[in-house]
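Quick caveat, the model's predicted, so the values are computed rather than measured. Heavy-atom basis, side chains included; hydrogens, waters and symmetry copies ignored. So you know, we letter chains A, B, ... as the sequences are listed, proteins then strands, and number each from 1.
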There are 2 protein chains.
Amino acid sequence: MKPDSVFKKAFNRTLQLVEAGDVDIGATSENALRARIGVSRTTVRKVLSELDARGITQATGKRPRAGKPILKSDYFPDPETTSKRQHVEEQFMEWMLRGDTQPGTLINELQLARQFGVATNGIREFLIRFSRFGLIEKKQNSGWLFKGFTEEYALELFEIRVMFELRSAVLFSELPDDSPFWTELAELKTAHQQLLLEIGRRFHDFSRLDNRLHRLINRAAPNRFIDDFYEVITLIFHYHYQWNKKDELQRNEAAIREHLAYIDALSSGDAHEIERACLRHMTSARTTLVRSIDGAG
Amino acid sequence: MKPDSVFKKAFNRTLQLVEAGDVDIGATSENALRARIGVSRTTVRKVLSELDARGITQATGKRPRAGKPILKSDYFPDPETTSKRQHVEEQFMEWMLRGDTQPGTLINELQLARQFGVATNGIREFLIRFSRFGLIEKKQNSGWLFKGFTEEYALELFEIRVMFELRSAVLFSELPDDSPFWTELAELKTAHQQLLLEIGRRFHDFSRLDNRLHRLINRAAPNRFIDDFYEVITLIFHYHYQWNKKDELQRNEAAIREHLAYIDALSSGDAHEIERACLRHMTSARTTLVRSIDGAG
DNA sequence: GGCTTGCATATTACTTATAAAAAACAACTT
DNA sequence: AAGTTGTTTTTTATAAGTAATATGCAAGCC
């Protein structure tokens with residue numbers, strides 16, 4: 001049976017939009033709402049009829065009208081709004097990164113399936129998807145081998161990352177002066193400066209800026225393989241840093257300064273300067289990752 | 001139900017070994033045979049009892065002894081010895097590359113499953129595995145989009161390939177003089193020269209040499225992400241060239257000469273020369289691929 | 001004619017089931 | 001004691017089945 005997490009998420013999202021006054025149910029067509037939420041009309045209709053069933057709207061005659069106010073308890077709990085796939089990812093990452101899973105461990109589909117409460121198929125699909133992260137390896141007609149989230153892994157990851165980043169940075173700096181990317185870069189610079197001022201309170205926001213900057217640079221001359229690789233980096237960082245909070249403020253503050261230097265170098269168009277600034281940032285990011293791996297293991 | 005293709009392949013392999021006089025069933029332990037064929041002992045025992053059941057061996061008392069001679073008809077037909085997974089790959093590649101499938105086509109799991117005669121699960125697993133080749137893309141809660149085996153694809157592929165190859169070539173050339181890799185390189189050079197002499201008859205053998213050379217170069221300083229990427233290249237070339245035979249002899253002859261120049265450059269240790277030879281080979285390989293895409297589409 | 005909703009159909013995201021194959025265990029043989 | 005075979009248990013590779021979701025088509029409305 002397929003879970004109804006799509007519906008539940010859509011329902012929650014609709015409640016949000018209504019509460020925020022962003023959407024007037026009575027005046028919005030099914031199709032407009034569909035586009036807004038990003039699901040099919042079938043799901044939107046299910047949401048509308050649920051709203052009705054709960055008395056949050058009243059479908060007297062044609063158009064629904066506001067009924068009962070929306071309560072916190074009307075929202076579906078978060079875990080019910082995410083797909084099994086998402087659950088598996090989260091639980092696997094936790095098992096791997098936090099569970100002190102040793103390099104060389106054999107991964108057992110059946111056991112993970114029981115442990116995570118899903119069918120083996122879901123585990124297998126996840127593992128296939130995950131295998132491109134270079135951390136696991138399939139053994140023919142047998143299980144999977146966990147190769148370990150090791151220093152070696154981090155170094156290999158960064159070797160590629162540096163190559164890609166340097167390539168993209170140079171291409172970015174060669175964009176014509178009237179390219180809209182320069183405007184975006186300027187905006188990002190401001191956002192960095194702003195964050196630096198409020199670093200004490202908002203240091204968590206750095207990872208979003210980090211992502212935006214690197215994605216922007218890669219967008220100047222897109223290459224699907226580089227994009228894919230960047231997804232690897234994003235996921236690794238997402239989970240790894242989520243559980244390694246040590247010195248986060250200082251690390252992020254330093255990284256912001258590196259970003260600012262990098263942004264200035266890009267604007268300058270001086271290839272040598274770009275390489276220097278880029279490498280400095282990459283090196284410190286690598287050091288941070290390697291250090292946190294050592295610390296964790 | 002799980003197919004018994006592993007057993008059938010193991011059975012055929014055993015017949016081969018016995019026919020070649022490589023293995024004496026009577027004198028070989030189950031475990032030794034297992035190691036030789038690369039399957040579990042369970043499967044080996046199944047093979048042995050099938051041999052017995054057919055009278056190819058006679059298990060009078062303890063050790064089996066030779067019985068009837070082995071006939072061609074004793075072998076299982078090839079298609080029964082490959083896994084469903086392999087079938088799906090082959091059929092999908094054919095559908096995609098030869099079926100004139102247009103960029104933008106939506107891939108329907110159910111339809112492919114029916115077309116290929118497998119369960120949807122198998123299709124889905126294949127597509128997930130295949131998605132890292134950058135040719136298809138998942139649409140959330142919906143099907144997959146075929147992005148097209150286009151010139152743009154080939155160019156993006158080669159942009160990365162050139163970066164990786166240059167990196168590995170330089171690292172290779174810096175190996176110490178007594179590294180065993182130099183011996184391997186020398187052997188490969190001889191093999192190339194040999195093939196050049198017999199190019200008229202054996203030009204198909206080039207792709208194997210091509211693979212060996214590039215893998216050797218990458219092995220000097222391994223990086224799992226580069227290895228993975230090379231698998232993408234290998235698969236693309238494997239299928240694409242399988243169906244594009246135009247000018248194959250001339251293309252391969254030219255490529256062999258490029259390889260020889262590349263090998264010499266590597267041995268010389270002259271970074272500039274290496275870059276030149278490497279780029280020349282990469283450029284001509286790219287041209288070949290792009291041309292055959294245009295020709296096919 | 002374009003936009004709406006109602007309805008029917010197709011496809012996906014799962015779960016459960018099963019034979020094949022691998023792995024683990026035990027008993028036996030040199 | 002190490003290697004062999006017999007037996008049992010576990011795990012994988014696949015198929016079949018099902019509710020949720022997406023998609024397509026038709027009819028109605030401004």
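When the side-chain nitrogen and oxygen atoms of A:Ser40 are compared with OP1 and OP2 of D:dA22, one or more of them lie within a distance under 4.0 Å. For A:Thr43, a side-chain nitrogen or oxygen approaches OP1 or OP2 of D:dA22 to under 4.0 Å. Remark: B:Arg124 is not in phosphate contact with D:dA13, judged by side-chain N or O atoms under 4.0 Å from OP1 or OP2.
Computed from coordinates, the A:Arg34 CZ to C:dT4 P distance equals 11 Å when rounded to whole Å. What separates CD of B:Glu80 from P of C:dA20 is a distance of 14 Å, to the nearest Å. Between A:Asn121 atom CG and D:dA16 atom C1' the separation is 12 Å, expressed in whole Å. To the nearest angstrom, C1' of C:dT15 lies 16 Å from CZ of A:Arg114. In this structure, the NZ atom of B:Lys2 is 5 Å from the C1' atom of D:dA13, given to the nearest Å. In this entry the distance linking CZ of A:Arg45 with P of C:dC7 reads 8 Å, nearest Å. Rounded to whole angstrom, the span from the CG atom of A:Leu110 across to the P atom of C:dT16 amounts to 13 Å. As a whole-Å value, the separation of A:Leu112 CG from D:dT10 C1' is 15 Å.
Ion pair B:Asp227/B:Arg215 not flagged as a salt bridge, since none of the NZ, NE, NH1 or NH2 atoms sits closer than 4.0 Å to an Asp/Glu carboxylate oxygen.
Surrounding CZ of A:Arg219 are more than 12 heavy atoms belonging to other residues, nucleotides or ligands, all under 6.0 Å away.
Here the nucleotide nearest the side chain of B:Lys138, chosen from C:dA23, D:dT11, C:dT12, is C:dT12. Of the candidates C:dC14, D:dT11, C:dA22, the closest approach to any side-chain atom of A:Asn141 belongs to C:dA22.
A donor and an acceptor atom sit less than 3.5 Å apart, one in the side chain of A:Thr42 and one in the base of D:dA22.
Taking the six-membered ring for Trp, B:Phe92 and B:Phe116 have ring centres at least 6.0 Å apart.
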